[in-house]
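Note that these values count all heavy atoms, side chains included, but never hydrogens, waters or copies made by symmetry.
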Amino acid sequence: MVTVADPPRLDTAPAGVRARLRAFLRRHRVFAAVLAAAFLLRMVTMLGYGPALWFNDSYEYVSGAVNPDRPSALRPNGYSFWLLALRPFHSFALVAFSQHLMGLGVGVLVYALLRCRFALPGWGAALATVPVLFDAYQIQLEHMIMSDTMFMLLVVGVITLVLWHRRMPWWLGAVVGLLLALTALTRSIGLPILALVAVYLLVKRTGWKPIAAMVTACALPVAGYMAWFSSAHGNFAMTNSDGAILYMRTALFADCNEMEVDPRKELELALLCISDPPDKRSFSGQKYLWWAQNGQRFHAFGVGTTFTPEMNATAGEFAKRAILSQPGDFLAIVVRDFFRAFRWDRPRFPDANTYRQYEFLPENKVLPAWSSPKGSTTDRDALIYDPDLPTAQIRGKPSVIGTDVHDPWAAFMQGYQRIVRLPGTVLGVLLLIGLAGVAVRWRTLGGPVLLPWLAAFGLILAPAATAEFDYRYLLPAVPLACLAAAISLRRGVRLRARTSGG
């Protein structure tokens, strides 16, 4: 007897996929619920604040995407490249949505690393993602036209790749190097992370091939960018602002008498001397860099001379002289700003205007008409990028609305931000737990805790030492501090899970 097999059913494969998906969600049900709630919060933000939020730096990033033929003198163009990639869609809402996905992606990476590589129970790994996924200021920063969320995802991605693999092949080293290059081109502080990862791999005796591949893969794009920068600005560098930013760091204590600046022989340095005595100066160094006010000398060389190679070199030389002449004053201001990160409250710093830009506000945002490249203005650049931005007559002239507030969604996020945030003291506790994890693993030089802990510590210390404290500089350190603390506690967590039968 001949039998004929039943024809295959077309719904078999989808049913199998659905079954695997249901099993996957059951296995990770705690984190799935956490991630879904975090996604809903971000959708509420998008409904309440369309299409995006804005910071003072946002406009130059947009100008870099609208005029991609020339690198910025102030900061690397990596984030502008991302805006340029999304420019065909002409939507700042899409930019904000992509950054919310990046923020969720950071949480996924933290959970996956802790759950799959370090075998934490599902609830423990999910708990470590809560500071990233639910902090109101993290959500607000994701909704802003700024590079910080992209930078955070790249840094956490690098740390995840390095910690996931006990042995790193050369090709994976090259992938890590490319990610580090993107990190450095997004924010120049990414370059020191290359050194940190290289030292970590040396300590772990990874071998020279993956380290060489990593350094090469990072160096080539960075060198190419610097060559492009040189063709536009005349010097082989990534920015013309590092010396100027360091000048801002020293502006609160630099005393030209103690520095022994001779105005007859060092006129350019003398022109940067601040006339106000140190005890009469502002509490923030930003006044002495960005705004032409009494006692401010950075613009002494005239309009158009700021952030040039010559001015950057002069400001950098002034700052180095101040640090070497007054090391105690420099150390005191660095320590003060470093520990400012761990306060329970959130005082207004460096000024009320900057502080307000990190808040979910109840009013619309009118974009300023500052000058930008090629004779344009910042509001026109934004309108070129996204022609759907609303406009309105304000004080007799057309103005571009960059953020359109809609209630009740906006009111909900305003209330949420007043209640749900990560206090600096909690971040300090996470770092202390990670430090304890490094200490108990001293025989293995900190083990896997060392890399995320040093990265988190460095991301908090670097701005305090080279620029000035800013609340948004703390956020990229949060997922790394959570990783370090969770890895430090994993043995205790696993022991409790076993004894409770979980």
Side-chain angles (χ1 to χ4, degrees), residues 30-56 58 92-93 95-107 110 126-146 148-149 152 340-367 390 392 401-430 470-479 481-482:
V30 175
F31 181 66
V34 167
L35 193 66
F39 178 79
L40 287 176
L41 280 172
R42 285 153 174 83
M43 292 306 97
V44 170
T45 301
M46 294 198 68
L47 290 171
Y49 291 90
L53 298 172
W54 299 79
F55 192 76
N56 288 342
S58 304
F92 285 119
V95 174
F97 181 70
S98 73
Q99 292 174 181
H100 286 307
L101 293 181
M102 291 178 189
L104 295 173
V106 171
V110 170
L127 182 63
T129 69
V130 168
V132 177
L133 295 179
F134 290 95
D135 176 30
Y137 289 94
Q138 167 70 29
I139 298 172
Q140 197 266 358
L141 189 62
E142 292 172 16
H143 203 58
M144 195 177 285
I145 306 299
M146 288 288 284
D148 299 75
T149 304
M152 185 189 308
R340 194 192 300 273
F342 307 118
R343 295 182 56 152
W344 181 267
D345 59 348
R346 190 179 174 94
R348 295 192 173 192
F349 187 89
D351 56 72
N353 181 55
T354 303
Y355 179 89
R356 279 171 55 83
Q357 292 182 81
Y358 296 131
E359 300 288 316
F360 285 116
L361 299 175
E363 67 265 12
N364 292 348
K365 171 69 175 180
V366 178
L367 300 186
I401 309 300
T403 305
D404 198 7
V405 176
H406 300 279
D407 285 328
W409 317 106
F412 175 85
M413 292 309 300
Q414 293 159 28
Y416 181 85
Q417 192 172 43
R418 287 192 290 268
I419 300 171
V420 185
R421 67 177 182 90
L422 180 72
T425 307
V426 176
L427 177 59
V429 170
L430 291 172
D470 194 295
Y471 287 109
R472 67 186 172 91
Y473 293 155
L474 300 180
L475 293 180
V478 171
C482 290

Is there side-chain contact between [X] and [Y], with heavy atoms separated by less than 4.5 Å?
| X | Y | value |
| --- | --- | --- |
| Q140 | L53 | yes |
| I139 | Y416 | yes |
| C482 | L430 | yes |
| L104 | L133 | yes |
| D407 | F412 | no |
| I145 | V95 | yes |
| R343 | T425 | no |
| R346 | Y137 | yes |

Start with the C-alpha distance between V429 and F342, add both sets of side-chain angles, then the distance that settles side-chain contact (heavy atoms from CB on, under 4.5 Å), and finish with yes or no. CA-CA 9 Å; V429 170; F342 307 118; over 6 Å; no

[X] side chain to [Y] main-chain N or O, any donor-acceptor pair under 3.5 Å?
| X | Y | value |
| --- | --- | --- |
| T354 | D351 | no |
| N364 | V405 | yes |
| R42 | A38 | yes |

Going through the distances and angles, do V478 and L422 end up as a side-chain contact (heavy atoms from CB on, under 4.5 Å)? CA-CA 9 Å; V478 171; L422 180 72; 3.7 Å; yes

How long is the straight-line distance from [atom2] of [Y] back to [atom1] of [X], given to the nearest 0.5 Å?
| X | Y | atom1 | atom2 | value |
| --- | --- | --- | --- | --- |
| Q138 | R421 | CD | CZ | 15.0 Å |
| M413 | L47 | CE | CG | 11.0 Å |
| D135 | L41 | CG | CG | 11.0 Å |
| L361 | Q414 | CG | CD | 7.5 Å |
| Q357 | S58 | CD | OG | 8.0 Å |
| W409 | M43 | CH2 | CE | 12.0 Å |

Could you check whether the rings of H143 and H100 sit parallel, tilted or perpendicular, using 30° and 60° as the cut-offs?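 Answer is parallel, since the angle falls under 30°.
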
Mind listing the closest non-hydrogen atom pair of [X] and [Y] along with its distance?
| X | Y | value |
| --- | --- | --- |
| V132 | G103 | CG1-O, 4.1 Å |
| V30 | A126 | CG1-CB, 3.8 Å |
| P51 | A96 | O-CB, 3.7 Å |

F134/V34 under side-chain contact (heavy atoms from CB on, under 4.5 Å): CA gap, chis, key distance, verdict: CA-CA 9 Å; F134 290 95; V34 167; 3.5 Å; yes

For the rings on F360 and Y49, is their centre-to-centre separation under 6.0 Å?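 Yes, close enough.
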
Could you tell me if R472 sits above the aromatic ring of F55, with its cationic atom closer than 6.0 Å to the ring centre and no more than 45 degrees from the axis?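 Yes, a cation-pi geometry.
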
Determine, step by step, whether F92 and W54 satisfy the ring-ring contact (aromatic ring centres under 6.0 Å, His included) criterion, reporting the C-alpha distance in whole Å, the side-chain angles of both residues, the deciding distance to 0.1 Å, and the verdict. CA-CA 11 Å; F92 285 119; W54 299 79; 5.0 Å; yes

R356 vs E363, salt bridge (charged side-chain N to carboxylate O under 4.0 Å, His left out): CA-CA, chis, key distance, verdict: CA-CA 11 Å; R356 279 171 55 83; E363 67 265 12; 2.5 Å; yes

Are a donor atom and an acceptor atom from the side chains of Y358 and D470 found within less than 3.5 Å of each other?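 Yes.
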
Would you sort out whether T149 and L475 count as a side-chain contact (heavy atoms from CB on, under 4.5 Å), showing the intermediate values? CA-CA 9 Å; T149 304; L475 293 180; over 6 Å; no

